[in-house]
**Q** 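Got a structure for you, written out below as structure tokens; questions coming shortly.
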Amino acid sequence: MTGRERVYSTRAIVLKRRDLGEADRVLTVYTPNLGKRVLLARGVRRPASRKAGHLEPFAHVSLLVAKGRTWDLVTQAETIYGFRVLREDLDRIAHAYYMLELIDAFTEEEDSHPELYDLLLAGLNNLEHTEQFGLTTRWFELALLRLTGYQPQLFHCVRCSLPLEPVTNYFDPERGGTLCPRHGEGQPGAEPLDVGTLKVLRYVQTQPYEETMRLNLTEARMREVERVLARTIRTVVERRLRSPEFIRVLQQSSSS
Ligand SMILES: [Zn+2]
């Protein structure tokens, strides 16, 4: 896209939206080649708006966008896929919203990352077609961490680099992953990581989605995997929040 072009078309997934004024809406979308974008959809809350039904959160849409001074404007919107099954189940919806929030938290505006777009689309598609919402979301989390450069180390001790033994090791997201007993025990922030949980994390991190779905885990194991990943993600998001670049982006989006 050159500076002279006034209109562009793009596919997008709606991450979030907020109302503006009487009838407008500000949308945050994720696109394959333009990264995250904030767009204005004028008049979209009027009953007669033809764009309205196409701009719901996590809708996969095709947009025609006109460059504007403050915001680019959505001039046309068509649904590519509306995820109708996903929308019928509150638990599914909650997991989908969580995926949208993660993409929003891990990205900055106009930072193009086509693989993340593919991941989000795959994540939503998988949620639409599975009953295993938790495992699908854990797979999404580990893929997101990998693609954004925050993949936790699960095979070697992050201190001594020795391969981990099948014993209780330790996990510290601040240090980037797993520690051997010698380097993890008693360290502030390092929590014991049981060998079963480590195996599941490794499997989900390295196997294709379909393989991951073959796992049959106890509820306790699922909760532990979820807890370890939630802690990892919290650490990354907090680190991003502390970075000057991320704070600048936050200030821009809150003042706009
Ligand atoms: Zn070590």
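Computation of the quantities below employed the complete heavy-atom set of this structure, encompassing side-chain atoms and omitting hydrogens, waters and symmetry-equivalent molecules.
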**Q** Side-chain heavy atoms under 4.5 angstrom apart, residues restricted to Ile, Leu, Val, Met, Phe, Trp, Tyr: same cluster for Tyr170 and Val228?
**A** no
**Q** Can you measure from CG (Asp91) to CD (Glu131) and round to the nearest 0.5 angstrom?
**A** 10.0 Å
**Q** Evaluate the criterion side-chain contact (heavy atoms from CB on, under 4.5 Å) for residue pair Phe106 and Leu145; output intermediate values, then yes/no.
**A** CA-CA 9 Å; Phe106 274 68; Leu145 289 165; 4.0 Å; yes
**Q** Quick one, Arg25 and Leu20 - any side-chain contact, counting heavy atoms below 4.5 Å?
**A** no
**Q** State, to 0.1 Å, how close Asp172 and Ala190 come at their nearest heavy-atom pair, and which atoms those are.
**A** CB-CA, 4.0 Å
**Q** Which residues pass the side chain to side chain contact (heavy atoms under 4.5 Å, CB included) test with Ser49, sequence neighbours left out?
**A** Val44, Lys51, Ala52
**Q** Are Leu90 and Leu100 joined in one hydrophobic group, where the rule is that I, L, V, M, F, W and Y side chains link up if heavy atoms are under 4.5 Å apart?
**A** yes
**Q** What I'd like to find out is whether the side chain of Ile103 reaches to under 4.5 Å of the side chain of Leu15, using heavy atoms alone.
**A** yes
**Q** Is there a side-chain contact between Gln205 and Phe155 (heavy atoms, below 4.5 Å)?
**A** yes
**Q** Does a side-chain heavy-atom distance below 4.5 Å link Thr178 with Pro152?
**A** no
**Q** Are side-chain heavy atoms of Leu40 and Thr70 found at a separation under 4.5 Å?
**A** no
**Q** Does Arg227 come within less than 4.0 Å of Glu191, counting only side-chain N to carboxylate O?
**A** yes
**Q** Which heavy-atom pair separates Ser9 from Leu64 by the least distance, and what is that distance?
**A** CB-CD1, 3.7 Å
**Q** Step by step, would you call Glu22 with Arg46 a salt bridge (charged side-chain N to carboxylate O under 4.0 Å, His left out)?
**A** CA-CA 9 Å; Glu22 291 272 301; Arg46 293 201 181 95; over 6 Å; no
**Q** Applying side-chain contact (heavy atoms from CB on, under 4.5 Å) between Tyr30 and each of Val14, Asp104, Leu116, report the one that passes.
**A** Leu116
**Q** What pairs meet the side-chain hydrogen bond (donor to acceptor under 3.5 Å, both in side chains) rule with one or both residues in residues 76-90, with sequence neighbours excluded?
**A** His54-Thr79, Tyr81-Glu128
**Q** Mind checking whether Leu201 and Leu229 have side chains closer than 4.5 Å, heavy atoms only?
**A** yes
**Q** Kindly indicate whether the side chain of Arg11, heavy atoms from C-beta on, has any atom under 4.5 Å from the side chain of Val61.
**A** no
**Q** Hey, could you give me the NE2/SG distance between His183 and Cys157, rounded to the nearest 0.5 Å?
**A** 5.5 Å
**Q** Please report the closest heavy-atom contact between Ala105 and Val237, naming both atoms and the distance.
**A** CB-CG2, 4.2 Å
**Q** Looking at every heavy atom in both Pro181 and Val167, which two are closest together, and how far apart are they?
**A** CG-CG2, 3.9 Å
**Q** Got a second to check how far Glu224's CD is from Thr218's OG1, nearest 0.5 Å?
**A** 10.0 Å
**Q** Check whether any side-chain N or O of Thr130 sits under 3.5 Å from a backbone N or O of Asn126 as a donor-acceptor pair, and report yes or no.
**A** no
**Q** Tyr97 and Leu144: same hydrophobic cluster, using ILVMFWY side-chain contacts below 4.5 Å?
**A** yes
**Q** Hey, could you give me each pair passing side-chain hydrogen bond (donor to acceptor under 3.5 Å, both in side chains) that has a residue in residues 152-166? Not counting sequence neighbours.
**A** none
**Q** Kindly indicate whether the side chain of Phe83, heavy atoms from C-beta on, has any atom under 4.5 Å from the side chain of Asn125.
**A** yes
**Q** Give a yes-or-no answer on whether the side chains of Tyr209 and Thr136 include a donor-acceptor pair shorter than 3.5 Å.
**A** yes
**Q** Distance check, rounded to the nearest 0.5 Å: Leu147 atom CG versus Thr107 atom OG1?
**A** 12.5 Å
**Q** Which pairs, with at least one residue in residues 110-124 and sequence neighbours excluded, count as a salt bridge (charged side-chain N to carboxylate O under 4.0 Å, His left out)?
**A** Arg37-Glu110
**Q** Distance check, rounded to the nearest 0.5 Å: Lys36 atom NZ versus Glu108 atom CD?
**A** 7.5 Å
**Q** Apply side-chain contact (heavy atoms from CB on, under 4.5 Å) to the pair Leu73 and Leu39, showing each step before the final yes or no.
**A** CA-CA 6 Å; Leu73 303 173; Leu39 306 172; over 6 Å; no
**Q** Could you give me the CA-CA distance, side-chain angles and deciding distance for Thr75 and Val65, then say whether side-chain contact (heavy atoms from CB on, under 4.5 Å) is met?
**A** CA-CA 6 Å; Thr75 58; Val65 182; 6.0 Å; no
**Q** Could you work out, with side-chain hydrogen bond (donor to acceptor under 3.5 Å, both in side chains) as the rule, every residue matching Gln187, not counting sequence neighbours?
**A** Arg175
**Q** On a heavy-atom basis, which atom in Gly43 and which in Asp24 lie closest, and how many Å separate them?
**A** N-OD1, 2.8 Å
**Q** Pair Met99, Leu120 - check side-chain contact (heavy atoms from CB on, under 4.5 Å), show working.
**A** CA-CA 7 Å; Met99 288 182 183; Leu120 178 57; 4.2 Å; yes
**Q** Around atom CZ of Arg45, are there more than 12 heavy atoms from other residues, nucleotides or ligands closer than 6.0 Å?
**A** yes
**Q** Checking Tyr117 against Asn33: is there a side-chain donor and acceptor pair closer than 3.5 Å?
**A** no
**Q** Kindly give the heavy-atom pair with the smallest separation between Trp139 and Gln207, and that separation in Å.
**A** NE1-O, 4.1 Å
**Q** Hey, what's the ring geometry for Phe133 with His95, parallel, tilted or perpendicular (30° and 60° as the breaks)?
**A** tilted
**Q** Report whether Tyr98 and Val85 are members of the same hydrophobic cluster (ILVMFWY, side-chain heavy atoms less than 4.5 Å apart, transitive linking).
**A** no
**Q** Filter on salt bridge (charged side-chain N to carboxylate O under 4.0 Å, His left out), then keep only pairs touching residues 192-221, sequence neighbours left out; what's left?
**A** Asp194-Arg221, Glu211-Arg214, Glu219-Arg223
**Q** Nearest 0.5 angstrom please: Leu217 CG to Glu226 CD, how far?
**A** 12.0 Å
**Q** Do Val236 and Val204 sit in one hydrophobic cluster, given that two such residues count as connected whenever their side-chain heavy atoms are within less than 4.5 Å of each other, even indirectly?
**A** yes
